[in-house]
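In the text below, chain A, chain B and the rest are named by the order of the sequence lines, each starting its count at 1.
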2 protein chains.
Amino acid sequence: MHDVSHTQAHTQAHTQARPQRADARRNYARLLAAAEAEVAVHGAEVSLEQVARTAQVGSATLRRHFPNRQALLSAVFHQRIEALCALATDLATKDDPRTALLEWLRALAHYVASARGMAASLTIAESPDDAEHCFTYLATAADPLVRRAAAAGAVRADATAADLLTVVTGIALATEHHPSGAAEVDRLLTLVTEGLSPRT
Amino acid sequence: MHDVSHTQAHTQAHTQARPQRADARRNYARLLAAAEAEVAVHGAEVSLEQVARTAQVGSATLRRHFPNRQALLSAVFHQRIEALCALATDLATKDDPRTALLEWLRALAHYVASARGMAASLTIAESPDDAEHCFTYLATAADPLVRRAAAAGAVRADATAADLLTVVTGIALATEHHPSGAAEVDRLLTLVTEGLSPRT
DNA sequence: CAGACAAACGGAGGACCCCGCCGTTTAGGG
DNA sequence: CCCTAAACGGCGGGGTCCTCCGTTTGTCTG
C-alpha cells in the first residue's frame with residue numbers, strides 16, 4: 001500500500017534504510033529543516049509555499065512528502081513529542097505519583113508554550129485515520145502516569161490523560177497571541193492544578 | 001449618538017457616532033445577518049468574501065463597515081458578550097461569592113462552546129488599540145465577581161478575571177475540532193475548577 | 001557500462017482569498 | 001430640485017492551496 005512510503009517518510013526520521021531514492025531523502029531533510037525554521041517564526045499557519053521556497057524545492061515536492069499541513073507539523077514536532085513520551089515513561093517509575101505527574105505536566109506546558117504552533121498541531125485532527133496522531137501518541141504515553149496518580153488519589157478518578165493534555169494545550173492556545181508568553185502559561189497551569197475554586 | 005442598536009454602537013463607537021445613511025444601515029444589517037450565518041457554519045476563519053456574497057454586497061462595503069476580521073467577529077458575538085456581562089453584574093449581587101462565580105464560568109463555557117469561533121475571537125488581539133476588545137470587555141465585567149470570590153477565599157488571590165477567561169476559552173479552543181463538543185467542555189471545566197491535582 | 005523504467009521532481013494553471021484603489025451612484029439637506 | 005459628500009462595488013495585484021502532467025534522474029539489471 002502507498003501508505004508505507006508516507007509512514008516511513010514521516011515517522012522514520014531516524015531509521016531510513018528503505019526503498020527511497022537518495023534525492024527524495026535529501027529533499028525530505030531540506031523540507032524538514034525549512035519547516036522547522038518557518039514554523040518557529042510563523043507558527044502553525046505557516047505558508048506551505050514559503051516552506052517549499054525556503055527549502056528550494058517545488059511546492060509539489062512538499063506535498064508529496066507531506067500530504068497535508070498536519071503531516072508537516074507532526075514531523076516538525078516529532079522530536080519534542082518523542083522527548084515528552086520518554087520523559088513520561090521515565091517519570092512513571094521514579095518519584096511519587098503526584099509529583100511525577102505534575103513534573104510531566106509542567107514539562108509539557110513548557111514545550112507547548114515555547115514551540116510556536118505545537119499546541120495548534122495537537123488539536124487539529126485533519127486526517128481521518130490518524131492512528132499516529134501526535135495527540136493520541138502523547139496521551140497513551142502519559143496514560144500510565146495519570147493512572148498511577150489516580151490510584152494514589154492525586155487526581156480525580158474521571159480525569160484521563162487526554163483531558164490533562166487538552167487542558168494544557170488549551171491554555172497554550174489561549175495565550176499564544178498573548179505577549180506575556182511562557183510565564184503566563186506556567187502561572188495558569190499552577191492555577192488549574194491547584195484548582196480555580198476547589199470545594200472546601 | 002448611541003441611539004442606534006447596541007451591535008452597531010459597539011463597532012462604530014470609535015470611528016463615528018454620526019447618523020448614517022439609510023442604505024449604510026441596511027447594508028450593515030445584511031452583513032451582520034450574513035456573518036452570523038456564515039460564522040455559525042465555518043467558525044472564525046470564515047471567508048470574508050463569502051460573507052459579502054451572502055449579504056449580496058460588494059466586498060469593499062464589508063471592509064468599510066468592518067475594517068478587519070476581528071471587528072466582524074466582535075459584532076457577531078456582541079449580543080452574547082453583552083448577555084454575559086449582564087449576567088456577571090446580576091450575579092455579583094445575588095448568591096454567595098463562590099456559587100456566583102462558578103455559575104458565571106459555566107455560563108461562559110456554555111456560550112463559548114456552542115458559538116463556533118467565539119473562543120477564537122476572544123484570543124486574537126488584531127488591532128493594536130483594542131480598548132473595547134471583547135476579551136477586556138468581558139474581563140472587566142467579570143472582575144467584581146472574581147474579586148468578591150477572592151475576598152471570600154473561594155479562589156486563589158493571584159487569580160484574575162482575565163486568567164479565568166483565558167482558561168475557559170483555552171479549553172473551548174482545544175476541544176473545538178473535537179467531536180464530543182460541549183459536554184467535553186463542561187467536564188473539563190469542573191475538572192479545572194475542582195483542581196487537576198490539588199494539594200492535600 | 002549502458003539502457004530502461006519507475007520514482008521523483010517542479011512548473012503551470014485554476015480556484016480562492018485578502019486588500020486597496022477609484023470611478024460611479026445615490027441619499028438627503030438646503 | 002439640485003448638489004455634495006457619503007456610500008457603493010468592480011477591478012486588479014499579490015498571495016495561497018492544490019492538482020495535473022510533462023520532464024528529469026536515480027537505480028536496478030543485463
### Rounded interatomic separation in angstrom, taking NE2 from B:His42 and C1' from C:dC17
14 Å
### Between P of C:dG11 and CD of A:Gln56, the distance in whole Å
11 Å
### Task
Describe the nucleic acid contact of A:Ala22 in one word from base, sugar-phosphate, nothing, applying a heavy-atom distance below 4.0 Å.
sugar-phosphate
### Task
Determine whether A:Arg106 and A:Thr190 make a side-chain contact, defined as any pair of heavy atoms from C-beta on separated by less than 4.5 Å.
yes
### Task
Output the distance between atom NE2 (B:His65) and atom CG (B:Leu32), rounded to the nearest 0.5 Å.
11.0 Å
### Message
Taking donor-acceptor contacts at under 3.5 Å, does the side chain of A:Arg64 reach the base of C:dG10?
### Response
yes
### Query
For D:dC17, does either OP1 or OP2 sit under 4.0 Å from a side-chain N or O belonging to A:Ser47?
yes
### Query
Across the strands shown, which category fits A:Ala24 at heavy-atom distances under 4.0 angstrom: base, sugar-phosphate, nothing?
sugar-phosphate
### Task
Please check the phosphate of D:dA7 (OP1 and OP2 only) for any side-chain N or O of B:Arg25 closer than 4.0 Å.
no
## Note on the structure
Distance col, row B:Arg116:CZ vs B:Glu38:CD, nearest 0.5 angstrom, shows 11.5 Å
### Query
For A:Arg63 and C:dA8, what is the distance between atoms CZ and P respectively, to the nearest whole Å?
17 Å
### Protein-nucleotide distance (B:Arg69, atom CZ; C:dC17, atom P), rounded to Å
11 Å
### Query
Hey, any chance B:Ile171 and A:Leu173 share a hydrophobic cluster, counting ILVMFWY side chains that come within less than 4.5 Å of each other, even indirectly?
no
### Query
Ignoring hydrogens and angles, does a donor from either the side chain of A:Arg21 or the base of C:dA8 sit under 3.5 Å from an acceptor on the other?
no
### Message
Can you see if the side chain of B:Thr61 gets near the phosphate of D:dA7 - specifically, an N or O under 4.0 Å from OP1 or OP2?
### Response
no
### Whole angstrom value for the distance that separates C1' of C:dA8 from CD of A:Gln20
10 Å
### Summary
From CG of A:Asn68 across to P of D:dC18 the rounded distance in Å is 8 Å
### Task
Indicate, with a heavy-atom threshold strictly under 4.0 Å, whether B:Arg26 touches base, sugar-phosphate, or nothing.
nothing
#### Entry: Parallel, tilted or perpendicular, as decided by the 30° and 60° cut-offs, for the rings of A:His178 and B:Phe135
perpendicular
### Query
Roughly, in whole Å, what's the span from CG in A:Leu62 to C1' in C:dA8?
14 Å
#### Entry: Under-4.0 Å side-chain N/O to phosphate OP1/OP2 contact, B:His65 with D:dC8
yes
### Message
If the cut-off is 4.0 Å, is B:Arg53 near the phosphate of C:dC17, judged by side-chain N/O to OP1 or OP2?
### Response
yes
### Query
Taking the side chain of B:Asp23 as heavy atoms from C-beta outward, which of C:dC18, C:dA27, D:dC17 is closest to it?
C:dA27
### Query
For B:Gly58 and A:Glu49, take the nucleotide of DNA chain D holding the closest heavy atom to each; which residue's nucleotide lies nearer the 5' end?
B:Gly58
### Task
Report the residue (A:Glu45 or A:Ala60) whose heavy-atom-nearest nucleotide on DNA chain D is the more 5′ of the two.
A:Glu45
### Query
Within this structure, what is the CD-to-P distance between B:Gln70 and C:dC18, rounded to whole angstrom?
15 Å
### Presence of B:Asn27 side-chain N/O under 4.0 Å of D:dC8 phosphate oxygens OP1/OP2
yes
### Query
Side chains of A:Leu164 and B:Leu196: closer than 4.5 Å at any heavy-atom pair?
yes
